[in-house]
Colleague: 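Below you will find the structure I want to go over with you.
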Amino acid sequence: MEPDELSQILRSVITGVGGHLPANVVTNDDLAKIVDTSDEWIVERTGIRKRYKAADDEPVSDLAVAAAEKALTAAGRTAADIDLIIVATTTADLTFPATAAIVQRKLGAPVGVAFDVQAVCSGFVYALSVADGFVARGRSKCALVIGAETMTRLMDWTDRGTCVLFGDGAGAVVLEPMEGQGTTADRGLLGFALRADGTKQDLLYVDGGVSTNGRIGHLRMQGNQVFRHAVVNISEAVRAAAEDAGVEVVSVDWFIPHQANQRILEGVARRLGIDESKVISTVAEHANTSAASIPLALAQGISDGRVKPGQLLLLEAMGGGLTWGACVLRL
Ligand code: ACO
């Protein structure tokens with residue numbers, strides 16, 4: 001086919017990425033002082049060595065703003081260019097307004113669209129898909145998609161089965177529309193598969209909320225069941241996203257999964273036939289930062305020089321809901 005016969009389509013292209021972690025580090029040994037656990041157990045079962053914890057006066061919007069500023073700099077943009085902000089978070093500053101509106105104010109971005117997406121650890125993949133609906137239809141010229149969490153605020157610090165797993169942080173991407181040829185060689189978001197199964201709520205949830213008991217609540221989890229569900233179901237969504245994009249799973253350059261547990265990352269990669277050398281893992285350093293973990297891992301991969309423009313990336317996540325999903329994109 002001649003190039004001019006190919007249909008030109010708008011693609012949502014990531015033009016900048018940024019990550020931010022709070023200053024305070026909590027090691028496994030620190031946690032062993034408050035619950036009956038050990039560095040050895042945590043490393044062997046999860047791969048986690050440390051996590052970051054936001055200060056008491058550090059709301060999730062501050063983490064989001066710091067990540068967003070780095071992403072804007074990387075994209076060569078300023079807050080004045082932004083017309084859409086989506087924040088994927090489970091740990092909003094306030095019940096309302098949306099954290100995205102608070103981020104807009106703190107960044108000094110002009111009046112535009114700003115809202116939050118709540119899909120727990122899958123939030124960033126969900127938010128990318130929602131943003132694609134604006135950017136690839138010409139309804140946003142410059143969008144910020146942020147995953148930001150203060151999961152440590154939801155911990156029951158007497159429950160060793162959960163409090164060792166989570167950390168705080170934020171990652172952000174700038175998305176801009178670019179003309180593509182409608183082929184898999186195009187830069188941009190190429191394919192998605194999103195899933196939710198509300199019947200699995202009891203496996204992973206927070207036992208508080210505005211409309212039930214009015215409390216913030218604590219995270220509750222049946223860890224081994226979540227583990228099983230993750231390894232089995234994520235693979236299906238990844239294959240569906242790859243099919244949606246028109247690529248083979250094994251052809252991706254980098255697999256950038258939600259960073260819940262090193263054993264889940266490896267189990268999913270093995271099931272999909274992805275070589276472990278292609279997996280970006282930050283779980284040892286960051287622990288599970290929920291919706292922030294994928295953009296944080298992407299920022300890490302870019303800053304250490306592994307992930308480069310033009311490469312094909314596979315993102316996937318699973319979280320409370322249960323929700324899960326995958327995205328294939330060319331950077
Ligand atoms: N230190 C020491 N022992 C522990 C700890 C700990 N921190 N936590 C649990 N144990 C004990 C349990 O009490 C249990 O002891 P028992 O046999 O005496 O009863 C034993 O270890 C085994 O417990 P399991 O839960 O079966 O251990 P498992 O190997 O499944 O590992 C883990 C637990 C790490 C939680 C694992 O199941 C997991 O990672 N699951 C997935 C969790 C996850 O990814 N959640 C996030 C999803 S994303 C989101 O939306 C928030």
Colleague: Under the ring-ring contact (aromatic ring centres under 6.0 Å, His included) definition, can you give me all pairs with a residue in residues 220-274, not counting sequence neighbours?
Modeller: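 Passing the test, one end in residues 220-274: H229-W324.
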
Colleague: Can you hop from L128 to L296 via hydrophobic side chains spaced under 4.5 Å?
Modeller: no

Colleague: If only atom types and distance count, is the side chain of D168 paired as donor or acceptor with the main-chain N or O of A54 below 3.5 Å?
Modeller: yes

Colleague: Using modelled atom types only, decide if a donor and an acceptor are shared between the side chain of D156 and the backbone of H218 within a distance under 3.5 Å.
Modeller: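 Flag not set: sc D156 to bb H218 has no pair under 3.5 Å.
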
Colleague: Look up atom CD1 in I85 and atom OG1 in T99, then write down how far apart they are to the nearest 0.5 Å.
Modeller: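 Answer rounded to 0.5 Å: 11.5 Å.
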
Colleague: Treat each ILVMFWY residue as a node, draw an edge where side-chain heavy atoms are under 4.5 Å apart, and state whether L315 and V328 are in one component.
Modeller: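 As far as the 4.5 Å side-chain criterion goes, V328 and L315 are not connected within one cluster.
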
Colleague: Judged by atom type as modelled, is there a donor-acceptor pair below 3.5 Å linking the side chain of K53 to the main-chain atoms of N24?
Modeller: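 Side chain of K53 to backbone of N24: no pair is present.
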
Colleague: With no hydrogens and no angle check, just 3.5 Å: does a side-chain donor-acceptor pair link D29 and T27?
Modeller: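 No.
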
Colleague: Any carboxylate oxygen within less than 4.0 angstrom of a Lys/Arg side-chain nitrogen, looking at K50 and E285?
Modeller: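 E285 and K50: salt-bridged.
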
Colleague: Looking at every heavy atom in both G19 and A299, which two are closest together, and how far apart are they?
Modeller: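 In this case the closest contact between G19 and A299 is N-CB, 3.7 Å.
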
Colleague: The criterion is side chain to side chain contact (heavy atoms under 4.5 Å, CB included); which residues satisfy it with V43, sequence neighbours excluded?
Modeller: N28, D39, R49

Colleague: Heavy-atom count around R137 CZ within 6.0 Å, excluding the residue itself: above 12?
Modeller: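 No - once you tally the heavy atoms of other residues, nucleotides and ligands closer than 6.0 Å, there are 12 at most.
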
Colleague: Counting only heavy atoms not in I34 (residues, nucleotides, ligands), do more than 12 fall under 6.0 Å from its CD1?
Modeller: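 Yes.
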
Colleague: How many angstroms lie between atom CD1 of I216 and atom OG1 of T95, to the nearest 0.5 angstrom?
Modeller: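 Separation between the atoms: 8.0 Å.
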
Colleague: Can you tell me how far apart CG (N261) and CZ (R263) are? Round to the nearest 0.5 Å.
Modeller: 5.5 Å

Colleague: For the residue pair D207 and G217, what are the closest heavy atoms and their distance?
Modeller: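 That closest heavy-atom pairing would be OD1-CA, 3.3 Å.
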
Colleague: Using the salt bridge (Lys or Arg N to Asp or Glu O under 4.0 Å) rule, take K141 and D83 through it: C-alpha gap first, then chi angles, then the decisive distance, then the call.
Modeller: CA-CA 7 Å; K141 296 276 175 281; D83 56 20; over 6 Å; no

Colleague: Determine whether the side chains of E149 and T289 contain a donor N or O and an acceptor N or O closer than 3.5 Å.
Modeller: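 The criterion, which ignores hydrogens and geometry beyond distance, is not satisfied for T289 and E149.
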
Colleague: Does CD in Q225 sit with more than 12 non-hydrogen atoms of other residues, nucleotides or ligands closer than 6.0 Å?
Modeller: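 Yes - once you tally the heavy atoms of other residues, nucleotides and ligands closer than 6.0 Å, there are more than 12.
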
Colleague: Is D202 paired with R220 through a side-chain N to carboxylate O contact shorter than 4.0 Å?
Modeller: no

Colleague: With a 4.5 Å cut-off on side-chain heavy-atom distances among I, L, V, M, F, W and Y, is there a chain of contacts connecting I82 to F115?
Modeller: no

Colleague: Hey, is the main chain of T184 close enough, under 3.5 Å, to the side chain of R330 for a donor-acceptor pair?
Modeller: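 Indeed, once roles are kept as given, a pair shorter than 3.5 Å links the two residues.
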
Colleague: Any luck finding a side-chain donor-acceptor pair between T89 and D116 under 3.5 Å?
Modeller: no

Colleague: Within the supplied structure, the quantity of interest is the number of heavy atoms (other residues, nucleotides, ligands) at a distance under 6.0 Å from Q222 CD; does it exceed 12?
Modeller: yes

Colleague: We want to know whether Q300 and T282 form a side-chain donor-acceptor pair, criterion being a heavy-atom distance below 3.5 angstrom.
Modeller: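 Absent: no donor and acceptor within the cut-off.
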
Colleague: Quick check for you: to the nearest 0.5 Å, what is the distance between L107 atom CG and E69 atom CD?
Modeller: 6.0 Å

Colleague: Nearest 0.5 Å, what's the CD1-CD1 distance between I280 and I302?
Modeller: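 Separation between the atoms: 9.5 Å.
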
Colleague: Donor-acceptor check, side chain of E243 to backbone of G191, threshold 3.5 angstrom: yes or no?
Modeller: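 Absent.
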
Colleague: Evaluate side-chain contact (heavy atoms from CB on, under 4.5 Å) for V307 paired with V17, printing each intermediate quantity in order.
Modeller: CA-CA 11 Å; V307 179; V17 180; over 6 Å; no

Colleague: Counting only N and O atoms by type, is there a donor-acceptor contact under 3.5 Å from the side chain of T323 to the main-chain atoms of A119?
Modeller: yes

Colleague: Is it the case that the side chain of R51 and the backbone of L165 share a donor-acceptor pair, with hydrogens and angles ignored and the cut-off at 3.5 Å?
Modeller: no

Colleague: Between S235 and N233, is the side-chain contact (heavy atoms from CB on, under 4.5 Å) condition met? List the steps.
Modeller: CA-CA 5 Å; S235 308; N233 291 302; over 6 Å; no

Colleague: Check whether D253 reaches the backbone of L313 with its side chain - one donor and one acceptor, N or O, closer than 3.5 Å.
Modeller: no

Colleague: Please answer whether the main-chain N or O of L331 pairs with a side-chain N or O of R187 as donor and acceptor at a distance below 3.5 Å.
Modeller: yes

Colleague: Are D62 and K106 ion-paired here, with the side-chain N under 4.0 Å from a carboxylate O?
Modeller: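 Counted as a salt bridge, because a side-chain N and a carboxylate O are separated by less than 4.0 Å.
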
Colleague: Between T152 and Y52, is a side-chain contact (heavy atoms from CB on, under 4.5 Å) present by the stated rule, with each step listed?
Modeller: CA-CA 9 Å; T152 63; Y52 293 79; over 6 Å; no

Colleague: Checking the side chain of S129 only, and the main-chain atoms of V125 only, is there a donor and an acceptor separated by less than 3.5 Å?
Modeller: no

Colleague: Can you give me the closest heavy-atom contact between A127 and A88, atom names plus distance?
Modeller: CB-CB, 4.1 Å

Colleague: Return each pair, listed once, that meets salt bridge (Lys or Arg N to Asp or Glu O under 4.0 Å) where at least one residue sits in residues 225-242; pairs must be two or more places apart or across chains.
Modeller: R195-E236

Colleague: If you measure from OG on S140 to CG on L84, what distance do you get to the nearest 0.5 Å?
Modeller: 4.5 Å

